[in-house]
Each structure stands twice: as C-alpha cells, then as structure tokens.
Amino acid sequence: MELRQLAFFRTIAEEGSISAAARKLHLTQPPLSYQMKMLEEELGTPLFVRGPRRITLTEAGQVLYERAEGILHLSDLAVQETVRAGEEKTLHLGLAPSTVTMMAGVLKAVRKEHPQLRFSIHDGSTFQLRELLTNRVIEIAILRTPIQVSDFETRVLKKETLCAVGERELLGGKSSIRLFELSRLPLLFSKRYRALCVQAFEEAGLSCRIVCECDDSRTALSLAQAGIGVALLPASMIPDEKRAVSVPIADAALSTDILACWRGGPVSLALSALLEALC
C-alpha cells in the first residue's frame, strides 16, 4: 500500500465518485480506477459500493478511511518538520574571548536578517580555534593576530592598539607611557602577545620584567586589576569600571588584528550570511 494510493482513496471517499475525484486530482478516470482496483486486491476486500450516481464506502472502506486520515496527517507532518529542520541552518563558529563583545552585534544583525539561523559557538584561545578549524569542527573562527593562518581564507575585521593596563599607582597617573618606563615595571603577558611585546623591547635595547604569563588575556586583565603588575592588552578589553586604568604606549606601535578565518572553497549558506554581515 502506497501513500499515494491512500490519498487517492481518501479523495474518492470524500468526493463520492471517481470522476469527481479525478477532476480534483487532475487525473483521468482510468488510472484512478486502476489504483483502487490494485488497492482492493492487495487488501483482499471491497472498499466501495458502486451505485449508479455515487459510490459509498463498505465497512472495510470506512475503517481504511479513518486510518488513512491519521496516516496521511502524520505523513504531512513529517514533511513539514523535515523541511523546517532543513531551513534552520546551524553555523559552527569559534570566538576568541576578546572578540565576543564585538561579534555580539554582528550575530544580532545576522539573526535579524536570517531568523532561521542558529549559532553553535566554540570558545577558546586563538590556537585552539585554529585547531578546530583545521579539523573541520567549526566553519569559521574569529581570531586575533599574530597567528599563522596562511592555509585559510582571512579577512581583517578590526585593528587595535595594545595599551598598558594597571593600577593608578603603578602607572603614575600618566596620559601615556614609554617602553623604558614599562621595562622597570612588573609585566603581565598574555602568551598571545608575548613575542610581539618582547620584540618591541628588544628592538629598543631594553629588557623587561615578566612576572606572569597567561594563556587567556582575561586572566592578565584580572591580575592587572588586582595590582600584581601591568598588562599589555587590546584597548577594547579594558572595562568601563575603574579598578585599573589604561594608557597608550608612546614609542611602540604594538597592535593586533581581529581576524575572520575560514577554509577556502564553497561555503555554506549560514557562513555566507555571516561573511556578508562582516563586510
């Protein structure tokens, strides 16, 4: 028994004649009559009492009609749910912690334009996210430079300078600070920016006092706020609260880029929507 046969049978039962059902189904009568004959032979019982002007259901036909309603309804429901599930696209993306604030507005805009889109967000360091991207766990990562991503497509989203962050007592209420002054202070480095910062000191002929290195820039920020030392961090990470102050570095062009990074080749509709919003 096929769903198509059940649908034909239901229409005939409701229209009261094969000719009327054929018109409604946009079919000719012979194939419709043939399908009903095949259905009756399969079930081994008559389904219709054929009168001169109208056909009615036999007792077996009435039972089948009642069951057919439920079966066809479930079939329609399954189709609707399958289509809806296919329309609800999920984008797997990775966000470095320091990029979340910036990306929140982007994701909100994407959802407004594409309400069926869902996000599965993977948090992690730049290096962890690059690994997830390589292993195809995520489709796109929002990272911070410096990072080696030559194997991927990239787009620079924002460039930020690094600032010195620490307690007012450590930074002396300065409006800016020089590398020489920083070299005499206890420094807190995020491993993300360690090589970049150390290189700047070395090029200036200076050494620096690293008292702590952290995997996560947020840890360096918290330690700076606690007065343990001075952290060199992107300006956007500095909170509005005044537990610590930030000042620009006067004689070093230290900066980091926020970078969108994805694999080359065809992209999904979900990723295409995000890339469009990032333009």
Side-chain angles (χ1 to χ4, degrees), residues 79 81-163 189-200 213-221 231-238 253-279:
V79 171
E81 291 179 349
T82 301
V83 170
R84 187 162 56 247
E87 291 175 346
E88 292 178 348
K89 305 299 182 182
T90 299
L91 177 64
H92 293 266
L93 72 154
L95 296 181
S98 62
T99 69
V100 173
T101 299
M102 185 198 81
M103 287 300 298
V106 175
L107 298 183
K108 181 180 179 180
V110 173
R111 278 281 301 160
K112 185 176 181 180
E113 290 295 320
H114 305 274
Q116 79 282 5
L117 187 59
R118 298 174 61 249
F119 302 109
S120 177
I121 295 177
H122 301 252
D123 305 293
S125 70
T126 284
F127 298 108
Q128 290 170 331
L129 295 180
R130 183 179 63 181
E131 188 71 16
L132 292 178
L133 193 60
T134 299
N135 293 329
R136 299 181 178 273
V137 176
I138 57 177
E139 291 184 72
I140 186 171
I142 309 301
L143 313 173
R144 277 194 181 271
T145 61
I147 185 71
Q148 178 55 251
V149 287
S150 58
D151 293 339
F152 303 104
E153 298 289 336
T154 60
R155 181 182 300 171
V156 176
L157 305 180
K158 186 178 182 180
K159 182 178 288 290
E160 288 192 287
T161 57
L162 299 186
C163 298
F189 280 167
S190 164
K191 292 178 182 177
R192 175 89 297 274
Y193 312 115
R194 184 189 189 283
L196 178 68
C197 295
V198 169
Q199 181 181 355
E213 293 185 26
C214 312
D215 289 326
D216 194 321
S217 297
R218 294 171 299 181
T219 303
L221 175 61
L232 303 184
L233 297 170
S236 65
M237 285 195 63
I238 313 309
L254 296 175
S255 66
T256 176
D257 292 335
I258 297 179
L259 202 66
C261 184
W262 67 98
R263 294 184 301 276
V267 299
S268 67
L269 293 176
L271 177 53
S272 178
L274 180 61
L275 292 175
E276 183 180 347
L278 290 172
C279 289

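Residue numbers count from 1 along this sequence.
Rounded to the nearest 0.5 angstrom, Tyr193 OH and Leu162 CG are separated by 6.5 Å. Considering CE of Met103 and CG of Leu278, their distance stands at 5.0 Å, rounded to 0.5 Å. Considering CG of Leu91 and CZ of Arg118, their distance stands at 11.0 Å, rounded to 0.5 Å. Between atom CG of residue Leu274 and atom CH2 of residue Trp262 there is a gap of 9.5 Å, rounded to the nearest 0.5 Å. Here the CZ-CD distance, from Arg192 to Glu213, works out to 13.0 Å after rounding to the nearest 0.5 Å. Atom OG1 in Thr161 sits 11.5 Å away from atom CG in Leu233 (nearest 0.5 Å).
Side chain of Arg155 to backbone of Leu275: a donor-acceptor contact under 3.5 angstrom is found. With hydrogens and angles ignored, the 3.5 Å screen pairs a side-chain donor or acceptor of Asp216 with a backbone N or O of Arg218. Using modelled atom types, no side-chain atom of Arg130 and backbone atom of Cys261 make a donor-acceptor pair closer than 3.5 Å. With Thr145 contributing its side chain and Thr256 its backbone, the two residues share no donor-acceptor pair below 3.5 Å.
The heavy-atom pair separating Glu160 from Ile258 by the smallest distance is OE1-CD1, 4.0 Å. Residues Ser255 and Leu196 share a closest heavy-atom pair of O-CD2, 3.4 Å. Minimum interatomic distance between Ala273 and Val110 (heavy atoms only, all atoms of both residues): O-CG2, 4.2 Å. When all heavy atoms of Ile142 and Leu129 are compared, the closest pair comes out as O-CD1, 4.1 Å. Contact between Ser190 and Ala220 at its shortest, heavy atoms only, is N-CB, 4.5 Å. What you find for Ser125 and Gln128 is that their closest heavy atoms are N-OE1, 2.8 Å.
Using a 4.5 Å heavy-atom cutoff, the side chains of Leu157 and Asp257 are not in contact. In this structure, the side chains of Cys197 and Leu254 come closer than 4.5 Å at one or more pairs of heavy atoms. Between Ser268 and Glu139, some side-chain heavy-atom pair lies under the 4.5 Å cut-off. Looking at heavy atoms from C-beta onward, Ser217 lies in side-chain contact with Met237 at the 4.5 angstrom threshold. Under the 4.5 Å side-chain criterion, counting only non-hydrogen atoms from C-beta, Leu133 is in contact with Arg263. With contacts defined as side-chain heavy-atom distances shorter than 4.5 Å, the pair Val198/Phe189 qualifies.
Counted by atom type alone, Arg144 and Ser98 present one or more donor-acceptor pairs between their side chains at under 3.5 Å.
Heavy-atom contacts from other residues, nucleotides or ligands closer than 6.0 Å to CD1 of Ile121 number more than 12.
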